[in-house]
Amino acid sequence: MRIPGIREEVVEKLRFMFEPNSVAVVGASRDPGKIGYQCLRNLVEGGYGGRIYPINPNADEIMGLKCFPSLSEVPGEVDLALIVVPARIAKSAIEDCVRKGVKAVAMITAGFSEIGKKEEEDEIVRICRENGIPLLGPNIVGISNSWKKCNASFCQSLPYAGRTAFISQSGALAIALIGWTWLYRVGLSSMASIGNKADVDFSELILYFGERDEHTNCIAMYIEGLDAGPEFIEACRRVSPKKPLVALKAGKSERGVAAAASHTGSLAGAPLIYSAAFKQCGVIEVSSLIELFDSALALSLQPPMLGDFPLIITNGGGAGVVATDAAERYGIPISDSPPDLAKSLRKYMPEFGSAKNPVDLTGMGTADKYEGAIREALAHPGVDGLAVLYCHTAITSPMKVAEAIYGPYSELKNNKPIVAAFIGGSECEEAASWLKERGVPAFPSPERAMRALSALRAYGRIRRRFGG
Ligand code: COA
């Protein structure tokens, strides 16, 4: 049911959804093969510190926790009810939530508007709205909050902890991407699967994460379609000067539009309209899942690039050329180093190196050469951002180069973004992970590093345009 405008009171109550002090799993099952069992297990084994109440009229105890036949019989307050009973009894579960005075509901249960059962869905939404209970879903995978260790979902684990809030219109994708958060060290503060978005909408989640959640400094979204366009635009306009928003709009092709309609019942709409709307309200649009993650990683770790002079430092001419091509593709201007900078950079390369841009330290680029060049670049007032590329050679180890990046970055902290690319095998991957854990986004290819830098530049431009 379309939201009747942004509801500030709902935004406020989302704290009960994402930072609950108690969670009831309605439909907690004794059977490990069922979603209701896995949700309970995730809360218990994920290390959630609040109270957990399994609700199941057919069980006395699950995983050592006392089971309650209904919510009304729970002795304490319930902040979040996670609904995992079949659709046919979902309405009575919601009525039980009302009786109990539950503060927020996340409904995993499928079988509503996505299969044409709109009336049943509307009825549940009506009850929730009349009683001031925000409802997320139905047809979701759940929610998680890494800082609270609250995994109220049937994802395989909590995400790798970090500062990006991920809002996904696809639950299955959210599940799969939790694996990526660990693999690529893209830290999430919270994950919200939004499913049919029958009640709580994108706009309210954006405002919650943007204005009320201090653990979040970047919001990443997977969007198939929006029902409440003006509210989305209003929320993004409010948040974009404070925190970066990055979105992947899926369902852009002709068949993709049809697929989105049958997946979440979304009106995918004309792709160009979405792109124009994103521009209007300060959302950085990306065109693939990997770009979404890479951009979120950079935006959550680094400051925006406020000017238009990024410097590329490399030990491989080819990597520099690839990065330059990528820069052009992403609209990042690349121009020669200012003469005074070029002169000081010359100290860190042999005669046959290049101090232009890309700065080529050549294959003789040892860790100390990298460190010297990075220091010069960061200290120079004309440099607005840095991309450091490293091709694995026998001359120096990837970890030494990672340390050479981290040293000046952590000492100078002068608000200039840095991204890195480590091109090579497992040692490169280790060095990149080490850097990411310390706040420097690092990627396996120059193109991905430049794409991430372009997101930081885009956010710099948004900040200039919208303030903040
Ligand atoms: N209150 C609480 N629990 C109740 C109950 C009630 N009124 N009535 C029954 N239960 C218990 C059942 O006894 C069962 O526990 P048990 O296994 O220990 O007996 C548990 O609730 C689950 O009920 P069950 O009928 O077995 O449901 P299910 O596990 O087969 O399916 C859903 C429930 C919600 C998982 C299913 O309907 C569904 O929607 N699946 C799709 C979810 C999905 O994909 N979402 C989108 C993700 S992208």
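Note that the structure is a prediction, hence the values are computed from the model and not measured. Both ligands and their constituent atoms are indexed starting at 1 by order of listing.
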Original post:
How far does OG of S22 sit from CZ of F16, to the nearest 0.5 angstrom?
Top reply: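 Atom-to-atom, S22:OG and F16:CZ are 9.5 Å apart.
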
Original post:
Under 3.5 Å between some N or O of ligand 1 and some N or O of R30?
Top reply: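 Yes.
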
Original post:
Under 3.5 Å, N or O to N or O, is S29 touching ligand 1 that way?
Top reply: yes

**OP:** Let me see the working for F443 and F422 under ring-ring contact (aromatic ring centres under 6.0 Å, His included), right down to the final yes or no.
**Re:** CA-CA 6 Å; F443 304 93; F422 283 77; over 10 Å; no

**OP:** Apply the test ring-ring contact (aromatic ring centres under 6.0 Å, His included) to residues W180 and Y160: give CA-CA distance (whole Å), side-chain angles for both, the deciding distance (0.1 Å), then the verdict.
**Re:** CA-CA 9 Å; W180 277 17; Y160 180 72; over 10 Å; no

At less than 4.0 angstrom from any non-hydrogen atom of [X], what atoms of ligand 1 do you find?
X: T109; result: 34 (C), 39 (O)
X: I140; result: 45 (N), 46 (C), 47 (C)
X: A110; result: 38 (C), 39 (O), 41 (C)

Of the choices [options], which has the non-hydrogen atom that lies closest to [atom]?
atom: atom 8 (N) of ligand 1; options: I89, V85, N139; value: I89
atom: atom 20 (C) of ligand 1; options: G27, G195, A90, A24; value: G27
atom: atom 26 (O) of ligand 1; options: Q169, E114, Q38, K34; value: K34

Original post:
Can a non-hydrogen atom of P57 be found less than 4.0 Å from any atom of ligand 1?
Top reply: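 Flag set, P57 near ligand 1.
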
Original post:
Under 4.0 angstrom from ligand 1, any heavy atom of F154?
Top reply: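 Yes.
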
Subject >> R448 to Y184 six-membered ring, cation-pi geometry met (6.0 Å, 45°) >> reply: yes

Original post:
Does the ring of Y330 carry R451 above it, NZ/CZ under 6.0 angstrom from centre and within 45° of its axis?
Top reply: yes

Original post:
Going by an N to O cut-off under 4.0 Å, is there a salt bridge joining R126 and E123?
Top reply: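 Looking at R126 and E123, the cut-off is met.
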
**OP:** Could you label the plane-to-plane angle of the F232 and F202 rings as parallel, tilted or perpendicular, counting under 30° as parallel and over 60° as perpendicular?
**Re:** perpendicular

